Each structure stands twice: as structure tokens, then as C-alpha cells.
Amino acid sequence: MSTWANLGLQDSASPLMEQLIFFHDHALLILVMITVLVGYLMFMLFFNNYVNRFLLHGQLIEMIWTILPAIILLFIAFPSLRLLYLLDEINEPSVTLKSIGHQWYWSYEYSDFNNIEFDSYMIPTNELPTDGFRLLDVDNRIVLPMNSQIRILVTAADVIHSWTIPALGVKVDGTPGRLNQTNFFMNRPGLFYGQCSEICGANHSFMPIVIESVPTNYFIKWISNN
Ligand code: CUA
């Protein structure tokens, strides 16, 4: 989760988020190089006294400064497209979780396992334990096995919500009357926090998501006790 002064991306907990971070850094590097180059050229123009009174056209330089940026853009476009298709790839998920957005809480259904279902509300500040995270902890966490492919089905019961977990690189809108699908693979155990990220009303900020990533045998134990 994000803590104080963490202004960048969170540490990844899934291979896809790792790829997203690589792509972000790659795009940022290109952006910095362009900004420095253009900034330097613009700054240097102030100190340039040369004027060409007969300059009317310059086909060659125009060809260069049209094609060169186009080529640079390809270096962003192709990795971006690769990621886009990678994010949509689903290979034989072992668990499917359905999350339904409500004003203002999430409810979950494990339809693979005897249709276990429960609501997940944020713990209000006045009821928060001393080691709890304000506006982030919930009363009923999602428990899911690590090191396995997980499919998420997202929908909503009233208005549009968005099921978002930054550490896993997951962000899917829950829309009434639709069923959206995504997937992830958690490569470590831990608690992964997320929030609704579609402005859904007065308590939009107060419907967080918590995933408890556990080893498979713990998950089986948890699911059979429910
Ligand atoms: Cu639900 Cu914002």
C-alpha cells in the first residue's frame, strides 16, 4: 500500500504490474529526453543573433523533424500495445471472484465454492483498531490464493464504481447491467489495498478494497470454513 511520501507507483505484487512499472519508466525516460532537448533548443534561441533574410522553406529539416518524432512515438506505441494485449490475456484461472459495487460498499461472490457471498464495508475511524489503516481497512477481506491465476468479474448494482488495486495493476469499472472481466496473479503473500476510482457519490472515498493474499492451503482452509 501507499505510505507517507510515496508519490510514485506502489511496489508491484503481480507480473503485470511489474510490466506496467517498466513501461511507465520507459515512457518517462523518453519524455525527459524530449523535454531536455526542446528546452535546451528554446533556451539557446534567446542567445542566437544569426538571421537568414532569404529563408523561405526548408524541406530537409521539415522532413527530419516530422519523421523523427514519429519514429520516437513508435518506441512508445509498440510496448504500450504489447502491454494492452498482455493485460487482457486470461489463461485458465483457478479461482473466479465476482465483485459487485454498491453505494457505498463492495460485495463479493465466490461462485466456484458453494456460492459464498459477503459484503465488505470500510471500518469507520471511531471503530478502527490501533493498528488499522484509516479509510482503507474493511470488515470482511477478500481472501485469495497467491501464485495462481485469478479471474475477477466486476459489476455494479446502482451507479458506476471502479474496482482498483494499484499493487496488482487492476482497474476495472463496475457498471450496472454489464459484467466486466479481468485477471491477475499475485506473486507474494500480503495485504493489498485498493479503492473505488469512479466518482460514485457522496461516500465514494469510503468503499475501499482489501485482498488478503495467502498460500493455497490457507485459502482452502479459509474457504472450507465459510
Ligand atoms: Cu464506488 Cu466510487
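Whatever order the structure lists ligands and atoms in, that order sets their numbers, starting from 1. All values derive from a computational prediction rather than experimental measurement.
- As for His204, its N/O/S atom nearest atom 2 (Cu) of ligand 1 is the one called ND1.
- In this structure, Phe192 has its ring center at least 6.0 angstrom away from the ring center of Phe184.
- Screening Ile209, Ile116, Asp119 for a side-chain contact (heavy atoms from CB on, under 4.5 Å) with Tyr108, the sole residue that qualifies is Ile209.
- Geometry note: atom 2 (Cu) of ligand 1 is the vertex, Glu198 O and Cys196 SG are the arms, and the angle is 100° (rounded to 10 degrees).
- A side-chain donor-acceptor contact under 3.5 Å links Asp137 and Tyr193.
- Draw a line from atom 1 (Cu) of ligand 1 to ND1 of His161 and another to SD of Met207, and the angle between them is 100° (to 10°).
- With sequence neighbours left out, Gln181 forms a side-chain hydrogen bond (donor to acceptor under 3.5 Å, both in side chains) with no residue at all.
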